[in-house]
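Down below is the structure, laid out as structure tokens.
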Amino acid sequence: MVATGFPAFDTTVDKTNRLLKEIEDAYGWPKERRKQSYAALRAVLHHLRDRLTVDEAVQFGAQLPMLVRGIYYEGWRPAETPVKMHSEEFFQRIRHDFPYAIQGDTEQLVHTVLEALQRHISAGEWDDLRGRMPADLVTVIPA
């Protein structure tokens with residue numbers, strides 16, 4: 001655990017590191033590839049957020065650990081959301097923002113990141129997220 005001297009910061013850094021480690025473990029990446037797990041988390045969060053309405057995005061964001069919430073909201077332009085896109089465009093945008101080679105496809109990357117996120121979101125909010133997504137995107141969101 002990182003010791004910042006401020007309990008709320010220590011807790012959010014610890015939760016964020018656990019989330020990134022869950023992504024790394026799913027791919028078998030060593031901790032030295034932390035930039036890669038961060039890039040995957042960031043890309044998925046940003047395009048998921050942009051696909052949601054403002055109210056939906058805020059409700060989902062409120063569930064995230066504090067540090068991850070900052071990543072989620074970074075660069076957000078609420079007036080430009082939601083961005084309507086089909087699943088292929090959604091995956092293309094994530095792939096564009098994730099500059100690393102991966103095993104499998106972008107859909108698997110998205111599923112892996114969302115699986116890790118699911119452990120940090122209440123079941124009710126997760127069900128709401130699944131209910132808000134179009135049919136061609138809901139398949140990648142773990143049940």
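In this chain, residues are counted from 1 in sequence order. Reckoned from all heavy atoms, side chains included, excluding hydrogens, waters and symmetry mates.
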Taking the side chain as every heavy atom from C-beta outward, state whether Pro142 and Trp126 have any pair of such atoms under 4.5 Å apart.
-> yes
Leu137 versus His86: any side-chain heavy-atom pair under 4.5 Å?
-> no
On a heavy-atom basis, the closest approach of Gln36 and Ala101 is NE2-O, 3.6 Å
What are the two closest heavy atoms between Glu74 and Arg49, and how far apart are they?
-> O-NH1, 3.1 Å
Hey, could you give me each pair passing salt bridge (Lys or Arg N to Asp or Glu O under 4.0 Å) that has a residue in residues 78-90? Not counting sequence neighbours.
-> Glu89-Arg93
Verify, without hydrogens or angle tests, whether Glu56 (side chain) and Thr53 (backbone) share a donor-acceptor contact under 3.5 angstrom.
-> yes
Any side-chain heavy atom of Tyr38 within less than 4.5 Å of one from Arg33?
-> no
Would you call Lys31 and Glu24 a salt bridge, using N to O less than 4.0 angstrom?
-> no
Taken to the nearest 0.5 Å, the spacing of Leu67 CG from Leu19 CG works out to 10.0 Å
Hey, any chance Tyr100 and Leu114 share a hydrophobic cluster, counting ILVMFWY side chains that come within less than 4.5 Å of each other, even indirectly?
-> yes
Does some side-chain heavy atom of Ile102 sit less than 4.5 Å from a side-chain heavy atom of Trp29?
-> yes
Would Asp105 and Phe91 satisfy side chain to side chain contact (heavy atoms under 4.5 Å, CB included), going step by step from the backbone distance to the final call?
-> CA-CA 9 Å; Asp105 57 13; Phe91 296 131; over 6 Å; no
Within the distance-only criterion (no hydrogens, no angle test), does the side chain of Arg95 pair as donor or acceptor with the backbone N or O of Phe98 below 3.5 angstrom?
-> yes
According to the interplanar angle, ranging from 0 to 90°, do the rings of Tyr72 and Phe60 count as parallel (below 30°), tilted (30 to 60°) or perpendicular (above 60°)?
-> tilted
Can any side-chain N or O of Arg42 pair as donor or acceptor with the backbone N or O of Ile71 at less than 3.5 Å?
-> no
Answer whether the closest heavy-atom distance between the side chains of Arg34 and Leu20 falls below 4.5 Å.
-> yes
Might you point out which heavy atoms bring Val110 and Phe90 nearest each other, and give the distance in Å?
-> CG1-CE2, 4.1 Å
For the atom pair CZ (Arg119) and NZ (Lys15), what is the distance rounded to the nearest 0.5 Å?
-> 15.0 Å
Considering all heavy atoms, the nearest Pro82-Leu52 contact | CB-O, 3.4 Å
Side-chain donor or acceptor of Thr12 paired with backbone N/O of Phe9 under 3.5 Å = no
Honestly curious: do Met66 and Leu117 fall in one hydrophobic cluster under the side-chain, below-4.5 Å linking rule?
-> no
Counting N and O atoms only, with roles assigned by atom type, does the side chain of Thr81 sit under 3.5 Å from a partner on the main chain of Pro78, one being a donor and the other an acceptor?
-> yes
Gap between atom OG1 of Thr139 and atom NE2 of His111 - 0.5 Å precision = 10.0 Å
Does the Arg130 side chain pair with the main chain of Ile141, one donor and one acceptor, at a distance under 3.5 Å?
-> yes
Indicate the atoms forming the closest heavy-atom contact of Pro134 with Arg51, along with that distance.
-> CG-NH2, 3.2 Å
Would you find a donor on one side and an acceptor on the other, under 3.5 Å apart, between the side chain of Asp136 and the backbone of Ser87?
-> yes
Measuring from Glu22:CD to Gln118:CD, what's the distance to the nearest 0.5 Å?
-> 11.0 Å
Rounding to 0.5 Å, atoms CE (Met133) and CG (Leu129) come to a distance of 6.0 Å
Cut-off 3.5 Å, side chains only: do His46 and Asp97 have a donor facing an acceptor?
-> no
Rounded to the nearest 0.5 Å, what's the gap from OG1 on Thr112 to CD on Gln103? Could you check?
-> 10.5 Å
Could you pull out the closest heavy-atom pair between Gln63 and Ile121, with the gap in Å?
-> CB-CD1, 3.5 Å
